[in-house]
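Quantities reported herein were computed from a predicted structural model and do not represent experimental measurements. Numbers restart at 1 for each chain; the letters A, B, ... are given by sequence-line order, proteins then strands.
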2 protein chains.
Amino acid sequence: MKILYHPKKEDIHLTAVLAALSDPIRIRLVLDIAKSGERPCGTFEQPVAKSTMSHHVRTLREAGVLNVRVQGTQHLLSLRSEDLEERFPGVLSSILKAAEALEREAPR
Amino acid sequence: MKILYHPKKEDIHLTAVLAALSDPIRIRLVLDIAKSGERPCGTFEQPVAKSTMSHHVRTLREAGVLNVRVQGTQHLLSLRSEDLEERFPGVLSSILKAAEALEREAPR
DNA sequence: TTTAATGTTCGATGATCTTAGAACTTTCGA
DNA sequence: TCGAAAGTTCTAAGATCATCGAACATTAAA
């Protein structure tokens with residue numbers, strides 16, 4: 001069984017989090033997880049190949065944004081909301097609120 | 001006199017703001033301006049060439065983070081805090097707070 | 001024990017980004 | 001008028017990034 005690297009809370013870098021969230025596909029992914037809760041990798045309707053999705057998930061995980069839990073063949077994704085909130089209060093929540101508002105403006 | 005492009009408030013994109021702030025040099029620049037107020041381009045002690053600085057300032061301006069005001073040969077930089085706060089409430093302020101906290105942890 | 005499902009990893013390919021130096025533009029002072 | 005000051009623009013190099021398809025690994029189910 002593969003062990004997936006997750007940075008410790010103290011090792012999460014602000015610039016890495018911002019970079020991770022600055023990609024349109026990744027922020028949509030994060031927003032979806034924020035709304036629906038923990039959820040397997042394959043259930044996201046994104047216009048990208050499986051390998052590309054894997055790359056984005058990895059980017060988010062290594063930045064400390066996502067937690068990835070393996071269950072059978074599935075990888076369950078969840079937000080590290082608490083860790084992020086403690087480390088950078090208000091950052092994730094305000095970004096998610098802004099992204100949500102934008103999605104209401106221009107849905108899909 | 002050159003006219004510098006600044007996006008209208010409604011045209012500021014969240015991902016562009018996050019990308020602009022995800023660079024270490026740029027977020028330090030923004031943090032300095034947040035602390036000291038409006039300030040000419042040349043007064044920042046960054047370990048980069050003048051042309052590189054110019055590129056970063058442009059990136060921040062075109063993302064909607066900075067306002068650039070020309071006065072003689074100087075370019076005065078200020079944060080578009082109000083516009084950003086209205087468009088993405090809490091985002092800039094929480095990021096700045098986090099960046100400030102980090103700077104206290106590891107100064108320079 | 002196959003087979004299907006779910007992802008990862010490995011190249012490879014464009015695209016974009018960061019950086020710097022050189023040349024240029026504009027403005028202000030001497 | 002001439003020169004210094006403050007930036008910008010251009011060009012180029014190297015790095016990183018997003019993307020895909022193909023091959024692979026692991027697990028669950030038939």
Side-chain angles (χ1 to χ4, degrees), chain A residues 1-7 13-33 36 38-78, chain B residues 1-7 13-33 36 38-78:
Chain A
M1 224 271 280
K2 240 345 179 1
I3 291 255
L4 297 172
Y5 168 73
H6 289 82
H13 288 89
L14 179 62
T15 50
V17 171
L18 297 180
L21 297 177
S22 71
D23 180 274
I25 290 191
R26 288 197 293 261
I27 198 161
R28 169 136 304 161
L29 199 70
V30 166
L31 191 54
D32 284 354
I33 296 172
S36 62
E38 192 181 50
R39 188 169 153 181
C41 219
T43 64
F44 297 91
E45 302 170 10
Q46 293 293 345
V48 292
K50 211 164 50 160
S51 54
T52 303
M53 187 58 109
S54 184
H55 154 72
H56 285 308
V57 169
R58 177 190 180 135
T59 301
L60 287 164
R61 170 174 55 79
E62 294 184 341
V65 177
L66 290 188
N67 188 277
V68 180
R69 188 165 69 86
V70 179
Q71 199 177 60
T73 65
Q74 292 191 136
H75 288 208
L76 299 170
L77 311 183
S78 58
Chain B
M1 226 268 280
K2 238 347 178 0
I3 291 252
L4 297 173
Y5 167 74
H6 289 81
H13 288 89
L14 180 62
T15 51
V17 171
L18 297 180
L21 297 178
S22 71
D23 180 274
I25 290 192
R26 288 196 293 263
I27 198 161
R28 168 136 305 161
L29 199 71
V30 166
L31 190 54
D32 285 353
I33 296 173
S36 63
E38 192 181 49
R39 190 166 153 183
C41 218
T43 65
F44 298 91
E45 301 171 9
Q46 295 292 345
V48 291
K50 211 164 48 160
S51 55
T52 303
M53 189 56 111
S54 184
H55 154 72
H56 284 308
V57 168
R58 176 190 180 136
T59 300
L60 288 164
R61 170 173 55 77
E62 293 184 341
V65 177
L66 291 187
N67 189 275
V68 180
R69 189 165 67 88
V70 179
Q71 197 176 63
T73 65
Q74 293 192 133
H75 287 207
L76 299 169
L77 311 184
S78 57

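We find that CG of B/L29 is positioned 16 Å from C1' of C/dT19, with the value rounded to whole Å. If you take CD of B/E62 and C1' of D/dT9, they are 13 Å apart, rounded to a whole angstrom. One atom, CZ of A/R69, and another, P of D/dT27, lie 15 Å apart when rounded to the nearest Å. Straight-line distance from the CG atom of A/L66 to the P atom of C/dT8: 12 Å, rounded to whole Å. Look at NE2 on B/H55: it is 16 Å from P on C/dG21, rounded to the nearest Å. C/dG7 atom P lies 11 Å from atom CD of A/Q71, rounded to whole Å.
Partners of A/H56 by side-chain hydrogen bond (donor to acceptor under 3.5 Å, both in side chains), not counting sequence neighbours, listed by chain and number: A/R26. With sequence neighbours excluded, no residue forms a side-chain contact (heavy atoms from CB on, under 4.5 Å) with B/T73. Scored by the side-chain hydrogen bond (donor to acceptor under 3.5 Å, both in side chains) test, A/H13 finds no partners at all (sequence neighbours excluded). B/R61 is linked by a side-chain hydrogen bond (donor to acceptor under 3.5 Å, both in side chains) to nothing, counting only residues two or more places apart in sequence or in another chain. Under the rule for a side-chain hydrogen bond (donor to acceptor under 3.5 Å, both in side chains), A/Q46 has no partner lying at least two apart in sequence or in another chain.
Residues from residues 41-54 of chain B placing a heavy atom under 4.0 Å of any atom in DNA chain D, listed by number, are B/C41, B/G42, B/K50, B/S51, B/S54.
The phosphate of C/dT18 has neither OP1 nor OP2 within less than 4.0 Å of any side-chain N or O from B/H56.
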